[in-house]
There are 2 protein chains.
Amino acid sequence: MAKIKDNTTDQTLCPVARAETVVGDRWTVLVLRELFARSHRFEEIQAQTGGTPQMIAARLKKLEADGMVTRRVYNKHPLRHEYHLTEKGAAFFPVLMALRAWGETWCKSPREGRSMNYTHLVCGKPAGLGPVCESCGEPVHREDMAGERTPKYQRERDARWEAFKAAR
Amino acid sequence: MAKIKDNTTDQTLCPVARAETVVGDRWTVLVLRELFARSHRFEEIQAQTGGTPQMIAARLKKLEADGMVTRRVYNKHPLRHEYHLTEKGAAFFPVLMALRAWGETWCKSPREGRSMNYTHLVCGKPAGLGPVCESCGEPVHREDMAGERTPKYQRERDARWEAFKAAR
DNA sequence: TCTTGTGACTATGAATTTCATAGCAATATG
DNA sequence: CATATTGCTATGAAATTCATAGTCACAAGA
(Lines give C-alpha, C1' and ligand atoms only; values in the text may rest on other atoms or scores of the structure.)
Protein backbone atom coordinates (compact mmCIF):
# COMPACT_ATOMS: atom_id res chain seq x y z
CA MET A 1 0.00 0.00 0.00
CA ALA A 2 1.19 3.42 -0.88
CA LYS A 3 2.35 5.30 2.14
CA ILE A 4 1.78 9.02 2.22
CA LYS A 5 4.76 11.06 3.22
CA ASP A 6 4.68 12.30 6.77
CA ASN A 7 7.26 15.01 6.36
CA THR A 8 8.72 16.88 9.24
CA THR A 9 6.01 16.21 11.82
CA ASP A 10 7.27 17.46 15.14
CA GLN A 11 10.29 18.86 13.32
CA THR A 12 8.87 22.29 13.73
CA LEU A 13 6.65 24.20 16.10
CA CYS A 14 4.92 25.96 13.23
CA PRO A 15 1.24 25.08 13.44
CA VAL A 16 0.76 25.57 9.72
CA ALA A 17 3.51 23.09 8.92
CA ARG A 18 2.09 20.68 11.50
CA ALA A 19 -1.35 20.95 9.97
CA GLU A 20 0.05 20.40 6.50
CA THR A 21 1.55 17.06 7.47
CA VAL A 22 -2.04 15.94 8.04
CA VAL A 23 -4.01 17.77 5.37
CA GLY A 24 -1.38 19.06 2.96
CA ASP A 25 -2.62 17.07 0.05
CA ARG A 26 -5.26 17.66 -2.58
CA TRP A 27 -6.91 14.26 -2.28
CA THR A 28 -7.06 14.48 1.49
CA VAL A 29 -8.85 17.81 1.33
CA LEU A 30 -11.30 16.53 -1.25
CA VAL A 31 -12.03 13.49 0.92
CA LEU A 32 -12.68 15.78 3.86
CA ARG A 33 -14.97 17.90 1.71
CA GLU A 34 -17.02 14.80 0.95
CA LEU A 35 -17.21 13.81 4.59
CA PHE A 36 -18.49 17.27 5.45
CA ALA A 37 -20.95 16.89 2.58
CA ARG A 38 -22.21 13.73 4.27
CA SER A 39 -20.80 11.28 1.78
CA HIS A 40 -19.79 8.52 4.17
CA ARG A 41 -19.17 5.57 1.87
CA PHE A 42 -16.11 4.68 -0.07
CA GLU A 43 -17.83 4.66 -3.42
CA GLU A 44 -19.48 8.04 -2.97
CA ILE A 45 -16.21 9.59 -1.95
CA GLN A 46 -14.40 7.99 -4.84
CA ALA A 47 -17.04 9.04 -7.34
CA GLN A 48 -17.24 12.66 -6.20
CA THR A 49 -13.52 13.24 -5.82
CA GLY A 50 -12.62 11.38 -9.01
CA GLY A 51 -9.77 9.60 -7.25
CA THR A 52 -8.60 6.09 -7.92
CA PRO A 53 -9.48 3.51 -5.29
CA GLN A 54 -5.88 3.49 -4.02
CA MET A 55 -5.80 7.23 -3.60
CA ILE A 56 -8.99 7.19 -1.59
CA ALA A 57 -8.12 4.11 0.42
CA ALA A 58 -4.71 5.54 1.30
CA ARG A 59 -6.13 8.93 2.35
CA LEU A 60 -8.87 7.38 4.45
CA LYS A 61 -6.33 5.12 6.12
CA LYS A 62 -4.04 8.03 6.88
CA LEU A 63 -6.90 10.23 8.06
CA GLU A 64 -7.92 7.43 10.40
CA ALA A 65 -4.35 7.03 11.64
CA ASP A 66 -4.22 10.79 12.23
CA GLY A 67 -7.42 10.70 14.26
CA MET A 68 -9.50 12.69 11.77
CA VAL A 69 -11.84 9.92 10.78
CA THR A 70 -13.40 6.82 12.32
CA ARG A 71 -14.73 3.80 10.55
CA ARG A 72 -18.14 2.65 11.63
CA VAL A 73 -19.54 -0.75 10.75
CA TYR A 74 -22.90 -0.46 9.04
CA ASN A 75 -23.09 -4.02 7.84
CA LYS A 76 -21.44 -7.25 8.89
CA HIS A 77 -21.56 -10.12 6.41
CA PRO A 78 -20.19 -8.68 4.30
CA LEU A 79 -18.29 -6.29 6.51
CA ARG A 80 -18.91 -2.73 5.40
CA HIS A 81 -17.80 0.53 6.90
CA GLU A 82 -18.83 4.12 6.78
CA TYR A 83 -16.38 6.91 7.36
CA HIS A 84 -17.18 9.65 9.82
CA LEU A 85 -15.38 12.70 11.08
CA THR A 86 -14.04 12.69 14.61
CA GLU A 87 -14.04 15.81 16.73
CA LYS A 88 -10.60 16.65 15.36
CA GLY A 89 -11.87 16.13 11.84
CA ALA A 90 -14.98 18.21 12.44
CA ALA A 91 -12.80 21.00 13.82
CA PHE A 92 -11.34 21.35 10.36
CA PHE A 93 -14.58 22.93 9.19
CA PRO A 94 -13.46 26.57 9.44
CA VAL A 95 -10.48 25.83 7.23
CA LEU A 96 -12.68 24.31 4.55
CA MET A 97 -15.08 27.24 4.81
CA ALA A 98 -12.24 29.71 4.41
CA LEU A 99 -10.95 27.74 1.47
CA ARG A 100 -14.40 27.68 -0.05
CA ALA A 101 -14.76 31.43 0.40
CA TRP A 102 -11.43 32.01 -1.27
CA GLY A 103 -12.24 29.60 -4.07
CA GLU A 104 -15.64 31.15 -4.75
CA THR A 105 -14.11 34.61 -4.80
CA TRP A 106 -10.84 34.05 -6.64
CA CYS A 107 -11.11 30.84 -8.63
CA LYS A 108 -14.28 31.53 -10.59
CA SER A 109 -15.20 33.60 -13.57
CA PRO A 110 -17.87 36.17 -12.63
CA ARG A 111 -20.54 34.55 -14.78
CA GLU A 112 -20.16 31.22 -13.00
CA GLY A 113 -21.52 32.56 -9.73
CA ARG A 114 -21.62 30.66 -6.46
CA SER A 115 -21.78 26.89 -6.20
CA MET A 116 -22.97 26.69 -2.61
CA ASN A 117 -25.16 28.92 -0.51
CA TYR A 118 -25.36 28.62 3.23
CA THR A 119 -28.23 29.70 5.38
CA HIS A 120 -27.50 30.77 8.93
CA LEU A 121 -30.10 28.87 10.92
CA VAL A 122 -29.85 31.23 13.89
CA CYS A 123 -31.17 34.20 11.92
CA GLY A 124 -32.64 32.29 9.00
CA LYS A 125 -30.88 34.41 6.41
CA PRO A 126 -27.96 33.89 4.00
CA ALA A 127 -24.67 33.43 5.82
CA GLY A 128 -22.46 34.62 2.95
CA LEU A 129 -18.83 33.67 2.61
CA GLY A 130 -17.18 35.02 5.73
CA PRO A 131 -16.62 33.65 9.20
CA VAL A 132 -19.43 35.84 10.50
CA CYS A 133 -22.94 35.76 9.10
CA GLU A 134 -23.42 38.51 6.53
CA SER A 135 -27.01 38.93 7.63
CA CYS A 136 -26.77 39.09 11.41
CA GLY A 137 -23.05 39.52 12.06
CA GLU A 138 -22.71 36.57 14.41
CA PRO A 139 -19.82 34.13 14.03
CA VAL A 140 -21.13 31.02 12.32
CA HIS A 141 -20.71 27.43 13.46
CA ARG A 142 -21.17 24.30 11.47
CA GLU A 143 -24.26 23.17 13.34
CA ASP A 144 -25.98 26.49 12.60
CA MET A 145 -25.41 26.27 8.88
CA ALA A 146 -27.50 24.66 6.18
CA GLY A 147 -25.61 24.43 2.92
CA GLU A 148 -27.41 24.16 -0.35
CA ARG A 149 -25.91 23.44 -3.72
CA THR A 150 -26.95 25.47 -6.69
CA PRO A 151 -28.95 23.43 -9.21
CA LYS A 152 -26.06 23.53 -11.64
CA TYR A 153 -23.57 22.21 -9.12
CA GLN A 154 -26.04 19.59 -7.91
CA ARG A 155 -26.48 18.43 -11.49
CA GLU A 156 -22.74 18.17 -11.88
CA ARG A 157 -22.55 15.92 -8.85
CA ASP A 158 -25.47 13.78 -9.96
CA ALA A 159 -23.85 13.37 -13.34
CA ARG A 160 -20.59 12.32 -11.73
CA TRP A 161 -22.39 9.65 -9.75
CA GLU A 162 -24.20 8.39 -12.83
CA ALA A 163 -20.98 8.27 -14.81
CA PHE A 164 -19.27 6.38 -12.02
CA LYS A 165 -22.06 3.82 -11.77
CA ALA A 166 -22.18 3.40 -15.53
CA ALA A 167 -18.45 2.76 -15.71
CA ARG A 168 -18.78 -0.48 -13.80
CA MET B 1 11.60 22.07 -15.00
CA ALA B 2 9.14 20.04 -13.00
CA LYS B 3 5.63 21.00 -13.84
CA ILE B 4 3.09 20.85 -11.04
CA LYS B 5 -0.10 19.03 -11.87
CA ASP B 6 -3.01 21.28 -12.63
CA ASN B 7 -5.71 18.66 -12.10
CA THR B 8 -9.30 19.22 -12.98
CA THR B 9 -9.28 23.05 -13.04
CA ASP B 10 -12.61 24.15 -14.44
CA GLN B 11 -13.68 20.52 -14.46
CA THR B 12 -15.84 21.25 -11.48
CA LEU B 13 -17.79 24.11 -10.00
CA CYS B 14 -16.72 23.14 -6.49
CA PRO B 15 -14.83 26.09 -5.02
CA VAL B 16 -12.82 23.84 -2.73
CA ALA B 17 -11.60 21.74 -5.64
CA ARG B 18 -10.84 24.91 -7.60
CA ALA B 19 -8.86 26.32 -4.71
CA GLU B 20 -6.96 23.07 -4.32
CA THR B 21 -5.68 23.21 -7.89
CA VAL B 22 -3.86 26.37 -6.81
CA VAL B 23 -2.89 25.68 -3.22
CA GLY B 24 -3.40 21.95 -2.78
CA ASP B 25 0.20 21.23 -2.08
CA ARG B 26 2.28 21.26 1.06
CA TRP B 27 5.18 23.23 -0.41
CA THR B 28 2.88 25.83 -1.88
CA VAL B 29 1.24 26.45 1.47
CA LEU B 30 4.60 26.70 3.23
CA VAL B 31 5.80 29.18 0.62
CA LEU B 32 2.67 31.25 1.21
CA ARG B 33 3.25 31.09 4.95
CA GLU B 34 6.70 32.58 4.41
CA LEU B 35 5.37 35.33 2.19
CA PHE B 36 2.85 36.25 4.88
CA ALA B 37 5.72 36.15 7.37
CA ARG B 38 7.49 38.73 5.23
CA SER B 39 10.17 36.46 3.87
CA HIS B 40 10.40 37.81 0.35
CA ARG B 41 13.63 36.32 -0.93
CA PHE B 42 14.26 32.96 -2.47
CA GLU B 43 16.86 31.95 0.08
CA GLU B 44 14.76 32.86 3.11
CA ILE B 45 11.84 30.94 1.75
CA GLN B 46 14.01 27.97 0.94
CA ALA B 47 15.68 28.00 4.35
CA GLN B 48 12.49 28.29 6.37
CA THR B 49 10.45 25.78 4.40
CA GLY B 50 13.30 23.31 4.08
CA GLY B 51 12.51 22.73 0.41
CA THR B 52 15.00 22.03 -2.31
CA PRO B 53 15.63 24.87 -4.73
CA GLN B 54 13.58 23.13 -7.43
CA MET B 55 10.60 22.73 -5.15
CA ILE B 56 10.65 26.38 -4.24
CA ALA B 57 11.38 27.61 -7.74
CA ALA B 58 8.56 25.51 -9.16
CA ARG B 59 6.03 26.67 -6.53
CA LEU B 60 6.96 30.32 -6.93
CA LYS B 61 6.66 29.99 -10.69
CA LYS B 62 3.25 28.35 -10.42
CA LEU B 63 2.06 30.84 -7.81
CA GLU B 64 3.10 33.63 -10.15
CA ALA B 65 1.32 31.97 -13.07
CA ASP B 66 -1.78 31.63 -10.89
CA GLY B 67 -1.69 35.30 -10.00
CA MET B 68 -0.90 34.79 -6.33
CA VAL B 69 2.57 36.29 -6.38
CA THR B 70 4.48 38.98 -8.24
CA ARG B 71 8.18 39.25 -8.70
CA ARG B 72 9.65 42.63 -7.97
CA VAL B 73 13.15 43.62 -9.01
CA TYR B 74 15.15 44.86 -6.07
CA ASN B 75 18.51 44.83 -7.76
CA LYS B 76 19.65 44.92 -11.37
CA HIS B 77 23.22 43.85 -12.03
CA PRO B 78 22.93 41.18 -10.90
CA LEU B 79 19.21 40.84 -11.48
CA ARG B 80 17.49 39.91 -8.24
CA HIS B 81 13.83 39.57 -7.41
CA GLU B 82 11.69 39.62 -4.34
CA TYR B 83 8.42 37.76 -4.19
CA HIS B 84 5.32 39.54 -2.99
CA LEU B 85 1.69 38.57 -2.59
CA THR B 86 -0.86 39.98 -4.98
CA GLU B 87 -4.35 40.88 -3.84
CA LYS B 88 -5.43 37.35 -4.65
CA GLY B 89 -2.52 35.98 -2.66
CA ALA B 90 -3.20 38.26 0.27
CA ALA B 91 -6.84 37.16 0.23
CA PHE B 92 -5.64 33.72 1.19
CA PHE B 93 -4.86 35.01 4.70
CA PRO B 94 -8.06 33.76 6.37
CA VAL B 95 -7.37 30.25 5.14
CA LEU B 96 -3.89 30.28 6.63
CA MET B 97 -5.23 31.69 9.88
CA ALA B 98 -7.85 28.96 10.07
CA LEU B 99 -5.21 26.37 9.34
CA ARG B 100 -2.98 27.85 12.01
CA ALA B 101 -5.80 27.78 14.54
CA TRP B 102 -6.51 24.15 13.74
CA GLY B 103 -2.82 23.25 13.86
CA GLU B 104 -2.28 24.99 17.20
CA THR B 105 -5.30 23.27 18.66
CA TRP B 106 -5.06 19.78 17.21
CA CYS B 107 -1.48 19.16 16.10
CA LYS B 108 0.34 20.01 19.31
CA SER B 109 0.92 18.34 22.61
CA PRO B 110 -0.49 20.45 25.44
CA ARG B 111 2.92 21.21 26.91
CA GLU B 112 4.16 22.68 23.65
CA GLY B 113 1.80 25.64 23.85
CA ARG B 114 1.29 28.22 21.12
CA SER B 115 3.91 29.15 18.57
CA MET B 116 2.45 32.46 17.50
CA ASN B 117 0.43 35.09 19.30
CA TYR B 118 -1.45 37.80 17.52
CA THR B 119 -2.41 41.13 18.95
CA HIS B 120 -5.52 42.80 17.63
CA LEU B 121 -4.32 46.33 16.98
CA VAL B 122 -7.84 47.76 17.05
CA CYS B 123 -8.34 46.89 20.73
CA GLY B 124 -4.71 46.30 21.63
CA LYS B 125 -5.38 42.93 23.19
CA PRO B 126 -4.72 39.29 22.24
CA ALA B 127 -6.68 38.22 19.17
CA GLY B 128 -6.69 34.51 19.98
CA LEU B 129 -7.18 31.81 17.38
CA GLY B 130 -10.58 32.48 15.92
CA PRO B 131 -11.82 34.65 13.07
CA VAL B 132 -13.08 37.18 15.60
CA CYS B 133 -10.92 38.79 18.24
CA GLU B 134 -11.23 36.93 21.53
CA SER B 135 -10.83 40.20 23.43
CA CYS B 136 -13.22 42.54 21.66
CA GLY B 137 -15.29 40.21 19.48
CA GLU B 138 -14.68 42.06 16.23
CA PRO B 139 -13.78 40.14 13.07
CA VAL B 140 -10.05 40.45 12.53
CA HIS B 141 -8.29 41.53 9.36
CA ARG B 142 -4.71 41.03 8.42
CA GLU B 143 -3.81 44.69 8.62
CA ASP B 144 -5.12 44.89 12.19
CA MET B 145 -3.01 42.02 13.40
CA ALA B 146 0.49 41.97 14.78
CA GLY B 147 1.85 38.47 15.00
CA GLU B 148 4.61 37.61 17.38
CA ARG B 149 6.52 34.38 17.54
CA THR B 150 7.19 32.79 20.88
CA PRO B 151 10.88 32.86 21.81
CA LYS B 152 11.14 29.14 21.30
CA TYR B 153 9.70 29.26 17.82
CA GLN B 154 11.80 32.30 16.96
CA ARG B 155 14.89 30.41 18.06
CA GLU B 156 13.88 27.51 15.87
CA ARG B 157 13.67 29.79 12.86
CA ASP B 158 16.95 31.51 13.65
CA ALA B 159 18.61 28.12 13.96
CA ARG B 160 17.21 27.04 10.61
CA TRP B 161 18.65 30.11 8.97
CA GLU B 162 22.05 29.57 10.56
CA ALA B 163 22.06 25.93 9.51
CA PHE B 164 21.14 26.91 5.98
CA LYS B 165 23.90 29.50 5.74
CA ALA B 166 26.43 27.13 7.23
CA ALA B 167 25.59 24.41 4.71
CA ARG B 168 26.81 26.49 1.76
C1' DT C 1 -27.63 -23.82 -9.13
C1' DC C 2 -25.80 -20.44 -11.90
C1' DT C 3 -25.21 -15.97 -13.09
C1' DT C 4 -25.06 -11.26 -12.34
C1' DG C 5 -24.51 -7.39 -9.21
C1' DT C 6 -22.54 -4.70 -5.31
C1' DG C 7 -19.16 -2.54 -2.28
C1' DA C 8 -14.67 -1.99 -1.04
C1' DC C 9 -10.90 -2.51 -2.05
C1' DT C 10 -5.73 -4.76 -3.97
C1' DA C 11 -2.31 -5.66 -7.87
C1' DT C 12 0.41 -4.23 -11.62
C1' DG C 13 3.34 -1.48 -14.22
C1' DA C 14 4.28 2.72 -16.82
C1' DA C 15 4.62 7.70 -16.32
C1' DT C 16 5.61 11.44 -13.16
C1' DT C 17 7.36 13.73 -9.25
C1' DT C 18 10.35 14.27 -5.56
C1' DC C 19 14.67 14.49 -3.16
C1' DA C 20 19.52 14.95 -2.52
C1' DT C 21 23.60 16.36 -4.25
C1' DA C 22 26.21 19.16 -7.42
C1' DG C 23 27.06 22.81 -10.18
C1' DC C 24 26.77 27.35 -12.50
C1' DA C 25 26.37 32.36 -13.69
C1' DA C 26 26.79 37.03 -12.60
C1' DT C 27 28.44 40.20 -9.85
C1' DA C 28 30.45 42.21 -5.15
C1' DT C 29 34.05 42.25 -1.92
C1' DG C 30 38.66 41.85 -0.04
C1' DC D 1 42.49 37.74 -8.66
C1' DA D 2 40.20 34.79 -5.26
C1' DT D 3 36.32 34.08 -2.63
C1' DA D 4 31.54 34.93 -1.30
C1' DT D 5 26.68 35.76 -2.38
C1' DT D 6 22.19 35.00 -4.51
C1' DG D 7 19.27 32.51 -7.20
C1' DC D 8 18.68 29.34 -9.40
C1' DT D 9 19.45 24.67 -13.07
C1' DA D 10 21.12 19.73 -13.92
C1' DT D 11 21.28 14.95 -12.88
C1' DG D 12 19.81 10.60 -11.55
C1' DA D 13 17.96 7.47 -8.03
C1' DA D 14 13.87 6.69 -5.19
C1' DA D 15 9.20 7.27 -4.32
C1' DT D 16 4.52 8.34 -5.81
C1' DT D 17 0.70 8.59 -8.91
C1' DC D 18 -2.47 7.07 -12.33
C1' DA D 19 -5.03 4.00 -15.25
C1' DT D 20 -6.52 -0.36 -15.91
C1' DA D 21 -7.71 -4.67 -14.33
C1' DG D 22 -8.86 -7.98 -10.95
C1' DT D 23 -10.35 -9.99 -6.36
C1' DC D 24 -13.26 -11.27 -2.49
C1' DA D 25 -17.35 -11.99 0.06
C1' DC D 26 -21.76 -12.11 -0.15
C1' DA D 27 -26.87 -11.14 -2.05
C1' DA D 28 -30.50 -11.64 -5.15
C1' DG D 29 -32.70 -13.11 -9.23
C1' DA D 30 -33.35 -16.59 -13.30
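All chains are named by letter (A, B, ...) in the order of the sequence lines, taking the proteins before the strands, and each is independently numbered beginning at 1. Values in this document were obtained by computation on a predicted structure and should not be read as measured data.
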* Could you label the plane-to-plane angle of the A/Trp102 and B/Phe92 rings as parallel, tilted or perpendicular, counting under 30° as parallel and over 60° as perpendicular? => perpendicular

Could you please name the option among [options] that lies closest to any side-chain atom of [X]?
X	options	result
B/Thr52	C/dC9, D/dC18, C/dA20	C/dA20
A/Glu43	C/dG7, C/dC9, C/dC19	C/dG7
B/Pro53	D/dC8, C/dC19, C/dC9	D/dC8

Rounded distance (Å) that lies between atom [atom2] of [N] and atom [atom1] of [X]:
X	N	atom1	atom2	answer
A/Ile45	C/dA8	CD1	P	9 Å
A/Met55	D/dA15	CE	C1'	12 Å
A/Asp25	D/dA15	CG	P	19 Å
B/Leu79	C/dT27	CG	P	10 Å
A/Arg26	C/dT17	CZ	P	13 Å
A/His40	C/dG7	NE2	C1'	17 Å
A/Phe42	C/dG7	CZ	C1'	9 Å
B/Leu60	D/dC8	CG	P	8 Å

* To do: Examine the base of C/dT12 for any acceptor or donor lying under 3.5 Å from a partner atom in the side chain of A/Gln54, and report the outcome as yes or no.
  => yes

* Asked: Can you find an N or O donor on one side and an acceptor on the other, under 3.5 Å apart, linking the side chain of A/Arg80 with the base of C/dG7?
  -> yes

I want to check one thing: is the phosphate of [N], taken as OP1 and OP2, less than 4.0 Å away from some side-chain N or O of [X]?
X	N	result
B/Arg59	C/dT18	yes
B/Trp27	C/dT17	no
A/Tyr74	C/dA8	yes
A/Lys61	C/dT10	yes

* Asked: When you measure from the side chain of B/Lys125 to the backbone N and O of B/Glu134, does any donor-acceptor pair fall under 3.5 Å?
  -> no

* Asked: Taking the side chain from A/Thr105 and the backbone from A/Ala101, do they hold a donor-acceptor pair closer than 3.5 Å?
  -> yes

* What nucleic acid atoms does B/Lys165 come within less than 4.0 Å of, heavy atoms only: base, sugar-phosphate, or nothing? -> sugar-phosphate

* Asked: Is there a side-chain contact between A/Ser135 and A/His120 (heavy atoms, below 4.5 Å)?
  -> no

* For the residue pair A/His40 and A/His81, establish whether any side-chain heavy-atom pair is separated by less than 4.5 Å. => no

